[in-house]
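Written out below as structure tokens is the structure these notes cover.
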Amino acid sequence: MKKWRITGICMAVSMLAASFSPAASAGETEAPEETQIIVFAAKSLNKVMDDSIIPAYNELHPNVKITPGYDSSGTLMTQIEEGAACDVFFSAAQKQMNQLEEEGLVVDGTRKDIVNNQVCVVTFTDSGTKVTGLENLADAASMALADGSVPVGKYTREALVAAGMVGEGKDGDNSAITTQEISDALGGLEINECANVGAVTAAVAEGANEVGTVYCSDTCGLEDRLVILEVIPYELTGNVIYPAAQIVNEEADDARSAAAADFVEFLASDAAKEIFEAYNFDTNVGNTPPLQTEG
């Protein structure tokens, strides 16, 4: 299988942001008043949010201070459930957003599917690995893998089950497949269980593990350190939809609530899509394969 050297498609997005007009965002409405919002976002969104999305929004609305917090979607969901102050949640999977919505913690009508993202098998530059992709992961000396509570870990497990490499999880819940069970199915492969996708990316980029599974977007900016061995098709993982929504925050005043709603609208705008595409995200969230997994 062909190795994919990561190309420099990550453009200077600051130039894009400078070219945006207010009409390009949800900002066709009145600009929010001076305020601050807290955004919880999946770890795989760290780079695109900090480097480009937040600066682009602030080009339009400099009076809105955005304070981001990043971790696995499951961890962030739990923090919201436990009462952490949060105005916008941007999850790497539908499951966590579904649960918050069922609990009445999502503001009605604000949820939007923002991007899709493919899982890929990666190695570090000049690793000399014999692995060509998912089908021969067992040929690696070691692998970095997020645990099943982390969306990328769940999607990897879905792919391994769909490919017939690992048995289905208990009661059909593939997120419950343990790291040890995967290791056993892959001939005793040494697996470094990681708490989030950022830890997987770092473990492989630094050469601590020979291979790992991350999102295509996680490879952006690491062209000199990572090689994509295989982009795993959606037919194996299911869609990797990232939804965003405004979160119920009883302490937010009208200005803060309006800014949170406006920021979610911006995430779904054409201006934001252009940025996400530059970071290897797939903005086609409406015409992807019908298989849908819950992260």
Side-chain angles (χ1 to χ4, degrees), residues 39-49 53 68-81 84 86 88-103 105-106 110-120 145-162 168-169 171-177 179 182 193-201 212-219 231-247 264 267-268 276 279-286 288-295:
V39 177
F40 281 6
K43 182 64 178 175
S44 53
L45 292 161
N46 196 156
K47 183 174 178 61
V48 66
M49 291 286 284
I53 289 292
Y70 304 102
D71 210 319
S72 73
S73 299
T75 297
L76 295 173
M77 177 194 72
T78 299
Q79 291 175 359
I80 292 170
E81 290 175 322
C86 175
V88 173
F89 181 40
F90 195 173
S91 175
Q94 303 276 32
K95 179 180 180 180
Q96 290 78 17
M97 192 69 78
N98 290 346
Q99 184 163 325
L100 292 180
E101 200 162 34
E102 290 169 4
E103 294 169 353
L105 295 173
V106 171
T110 65
R111 178 173 176 172
K112 296 181 181 297
D113 290 341
I114 306 301
V115 293
N116 213 332
N117 205 358
Q118 282 184 281
V119 178
C120 59
L145 174 68
D147 73 60
S149 69
V150 179
V152 73
K154 168 67 184 298
Y155 290 125
T156 301
R157 285 162 172 77
E158 293 286 354
L160 290 168
V161 170
E168 191 174 77
D171 298 325
D173 180 7
N174 291 333
S175 67
I177 299 171
T179 297
I182 294 173
E193 183 175 281
C194 299
N196 56 53
V197 72
V200 177
T201 304
T213 52
V214 299
Y215 297 117
C216 286
S217 59
D218 294 306
T219 67
V231 176
I232 302 174
Y234 290 127
E235 286 79 5
L236 293 182
T237 61
N239 294 328
V240 186
I241 300 293
Y242 284 48
Q246 183 181 358
I247 297 300
V264 174
L267 291 174
F276 284 121
Y279 282 79
N280 298 352
F281 286 95
D282 177 3
T283 60
N284 180 3
V285 295
T288 45
L291 175 62
Q292 178 67 58
T293 65
E294 298 295 347

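Note that these values count all heavy atoms, side chains included, but never hydrogens, waters or copies made by symmetry. The chain is numbered in sequence order, starting from 1.
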Original post:
Taking only residues two or more places apart in sequence or in another chain, which ones pass side-chain contact (heavy atoms from CB on, under 4.5 Å) with C86?
Top reply: F40, I80, I247
Subject >> Audit row: Y215, Y279, ring-ring contact (aromatic ring centres under 6.0 Å, His included) steps and yes/no >> reply: CA-CA 11 Å; Y215 297 117; Y279 282 79; over 10 Å; no
Compare all side-chain heavy atoms of [X] with those of [Y] and state whether any distance is below 4.5 angstrom.
X    : Y    : value
L160 : I182 : yes
D71  : N196 : yes
E81  : L100 : yes

Subject >> Qualifying residue for side chain to side chain contact (heavy atoms under 4.5 Å, CB included) with N280, from T219, N117, D218 >> reply: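 Only match with N280 under side chain to side chain contact (heavy atoms under 4.5 Å, CB included): T219.
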With rounding to the nearest 0.5 Å, note down the distance linking [atom1] in [X] to [atom2] in [Y].
X    : Y    : atom1 : atom2 : answer
R111 : Q246 : CZ    : CD    : 14.5 Å
N116 : N239 : CG    : CG    : 5.0 Å
K112 : L267 : NZ    : CG    : 10.5 Å

Subject >> All side-chain hydrogen bond (donor to acceptor under 3.5 Å, both in side chains) counterparts of D147, not counting sequence neighbours >> reply: S149
Original post:
Who pairs with Q118 by side-chain hydrogen bond (donor to acceptor under 3.5 Å, both in side chains), at least two apart in sequence or on another chain?
Top reply: none
Original post:
Is there a donor-acceptor contact under 3.5 Å linking the side chains of E193 and T179?
Top reply: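 Yes, T179 and E193 have a side-chain donor paired with an acceptor closer than 3.5 Å.
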